[in-house]
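See below for the structure under consideration.
To find a chain, count down the sequence lines: A is the first, B the second, and so on, and within it residues start at 1. No hydrogens, no waters, no symmetry mates; every other heavy atom, side chains included, goes into these values.
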2 protein chains.
Amino acid sequence: MEPNITIEDVAKLAGVSRATAGRVVGGYGNVSAKSREKVMKAVQELDYRPNLVAQGLRGQSTKTIAVILGSIKNNYCNKLIYAVEKEAQKYGYNVIVCNTHEDIAQEVGHLQNMYGRHVDGVILMSACKSGDELKEQHRDLYQGKTPIVFVDRRIKGLDSRVIQSNNAEASYQAAKYLLELGHRNIAVLATDEYSTVNERIKGYKRALGEYGIEFRSQNLAFAPHNDKEKIRQVTATILDAEERATALYVLNNSLCIGVLMELKERHMSVPEDLSLLVWDDEELNELLEITTVVQPIEEIGKVAVQDLMRQKENIADPEGEKREVLDASIVFRQSCKAYEKC
Amino acid sequence: MEPNITIEDVAKLAGVSRATAGRVVGGYGNVSAKSREKVMKAVQELDYRPNLVAQGLRGQSTKTIAVILGSIKNNYCNKLIYAVEKEAQKYGYNVIVCNTHEDIAQEVGHLQNMYGRHVDGVILMSACKSGDELKEQHRDLYQGKTPIVFVDRRIKGLDSRVIQSNNAEASYQAAKYLLELGHRNIAVLATDEYSTVNERIKGYKRALGEYGIEFRSQNLAFAPHNDKEKIRQVTATILDAEERATALYVLNNSLCIGVLMELKERHMSVPEDLSLLVWDDEELNELLEITTVVQPIEEIGKVAVQDLMRQKENIADPEGEKREVLDASIVFRQSCKAYEKC
DNA sequence: TTGAAAGCGCTAACAT
DNA sequence: ATGTTAGCGCTTTCAA
């Protein structure tokens, strides 16, 4: 196993000191044209590449960003990783991905580990449910000296920067659309209570209120995102309700497939037997022409990275608050039908 | 900005030397019970966490694995990342994800960068097309001292360890299934030519051969995986052929949605108007009851990590070759119908 | 402009 | 059992 080529080797071959070689390679300080040339040649010849670990130890930056999220397999997370990697690349950063499996203990472990790695920033889609209070002993993990950006989910008791869609407003618009179509009995299906889901529910309630309709708790059901059987059961309960809803508003795409399977088994058609409106786009939605609230996920990932860069450079960001909330939009397709009262 | 807590601080507080503190924290060497206790207490008190960058520089390992692949957003890659992260976690490793966008130049750049980071291993789903010859100047990137495992795609001119499905055999089985159903005119749709696709085509041809059917080149079409319009066009060409195929065999799931959209526009039903068989499972396939060749992706990711660990530890692996190829299986659903000759 | 040398935080060889 | 010290490869003062 041949040893690694270091700046020392380059210096030797070029006939200069380590410092001078380093200056050329690193592109800092002053070097004479002659030295520069000799060093460049040596670099070429040896195919020298700086050791980023040593740079990381010595310097201020490891050129690394951590993305910590609930489930890599989830479509939303997936697109987020894609966007983050792409944007980080532009700044010469690499991305470490950590999966919490929606478990806070694991999230805490990852955070500690990432700080041990001295990552330059953390992008966190926290597993904290909206009820969870931040434990005091963990506060510095969520609010320390390492730049951190929260994506999507807000943590109670922490007023950090959160990049997310305008959940409440977009949800209000979506619900209003259903109401305008004449629906008065709109069931809502959501995953466990995260802050985003709560905001979407708020938007839904506001729309109801505007139409003078009282919110009925039996019209709000929760299901875990990774349990298809349970999703179907919950869907079944909704469909079997005394006064069956005429529209189903699904707040998380991961629930969609379970809903569709239950509908299929019952030979129910969309939108003939039930209007359907879903959050987050997937290819499936396009194929089945499901009206969808589309979040600007890739934009969220991009902005998150940019935000970290800004925090790192300590650049003031007066526009920051404006960029915190990005607009989701509704793609109207064929899954919602006007409902005529009898 | 308070300075980081180092082993020095721990040593001081515990009233021992750095070395002793290190021994306790690192869990190596001999320490007296009394010292151990003092150090442990200091660690607790200071909430000390070792600097992994320094460990990486000093030691043999950065506890990092790189996954380099064509497209994070792709469902297959996505599951692979999931599996790799999960398995790496077990060994205390973290995962850096790099996206090549199926571009060799970027792949090369990522490899160089990852070696600069001194990752302990690389899992590579190469962007090399099956025609591409490995450039000699890049050989050491693909076959250097850092453990590397190829997933799925083989690189011409390189006899490294490749973890993949039994593409040829599973494809043979799939084609045979269609032939047994009576289909004699089976169109194949695939993405650009990667080694996996080639092997699947081989399996298809072998099945044809067994049934005494000659392969017709117009029954083999290629489409790029990320261009829905193009996929639809190519599908259209297949459907508009003089003697229209009675079955369509799609070798990559990413093409599936385009095919389905084209079928939908034509009001063609599966399997009534066309039998459909697809590689790689997605939720969509289950919902639409599409018969599918399912690859053990998560197993592939897991085995890839284990292989890296073995390479790193230099553990002989007599069973290795057996584990190189993992069995894909066919999930029979409702998308293939017996074809009766007139 | 250049070189010598310190030091980032850790581990491990060596000495006590 | 414990402490001293060198050194991983780099950047960055400080002198020359």
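- Between the side chain of B/E107 and the backbone N or O of B/A127, at least one donor-acceptor pair lies under 3.5 Å.
- The A/T6 side chain lies nearest to D/dC10 when the options are C/dA12, C/dC10, D/dC10.
- Going from atom CG of B/N30 over to atom P of D/dG3 covers 14 Å, rounded to whole Å.
- Contacts of B/N99 classified as side-chain hydrogen bond (donor to acceptor under 3.5 Å, both in side chains), with partners at least two apart in sequence or in another chain: none.
- Distance OH (A/Y28) to C1' (C/dT1): 14 Å, rounded to an integer number of Å.
- When rounded to the nearest whole Å, the span between CD of A/Q60 and P of D/dC10 equals 17 Å.
- Take A/E298 and apply the salt bridge (Lys or Arg N to Asp or Glu O under 4.0 Å) test, not counting sequence neighbours, and it matches B/K73.
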Mind listing the side-chain donor-acceptor pairs of residues 27-39 of chain A below 3.5 Å, one per line with the distance, residues two or more places apart or on another chain?
residue, atom, partner, partner atom, Å
A/S32, OG, A/S35, N, 3.2
A/S32, OG, A/S35, OG, 3.0

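- For B/E8 and D/dG3, the CD to C1' distance is 13 Å, given to the nearest whole Å.
- The closest side-chain heavy-atom distance from B/L124 to B/V151 is not below 4.5 Å.
- Less than 4.0 Å separates DNA chain D from at least one heavy atom of each of the following residues of residues 12-27 of chain A: A/R18, A/A19.
- At whole-Å resolution of the value, CD1 in A/I7 and C1' in C/dG3 are 14 Å apart.
- Applying the salt bridge (Lys or Arg N to Asp or Glu O under 4.0 Å) test to A/E136 and every residue at least two apart in sequence or in another chain returns A/R139.
- Contact annotation: A/S35 side-chain N/O to C/dT2 OP1/OP2 distance is under 4.0 Å.
- For B/D159, the salt bridge (Lys or Arg N to Asp or Glu O under 4.0 Å) criterion is met by no residue, not counting sequence neighbours.
- In this structure, B/K34 places its NZ atom 11 Å from C1' of D/dA1, rounding to the nearest Å.
- Rounded to a whole Å, the CD1 atom of B/I5 is 11 Å from the P atom of C/dC10.
- Of the residues in residues 40-57 of chain B, B/Y48, B/P50, B/N51, B/A54, B/Q55 come within less than 4.0 Å of DNA chain C through at least one heavy atom, sorted by number.
- Listed by first then second residue, pairs satisfying ring-ring contact (aromatic ring centres under 6.0 Å, His included) with a partner in residues 93-121 of chain B read A/Y82-B/H101, not counting sequence neighbours.
- Looking at residues two or more places apart in sequence or on another chain, you find a side-chain hydrogen bond (donor to acceptor under 3.5 Å, both in side chains) between A/K312 and A/D120.
- Per the geometry, CG belonging to A/N4 stands 10 Å off C1' belonging to D/dG9, to the nearest Å.
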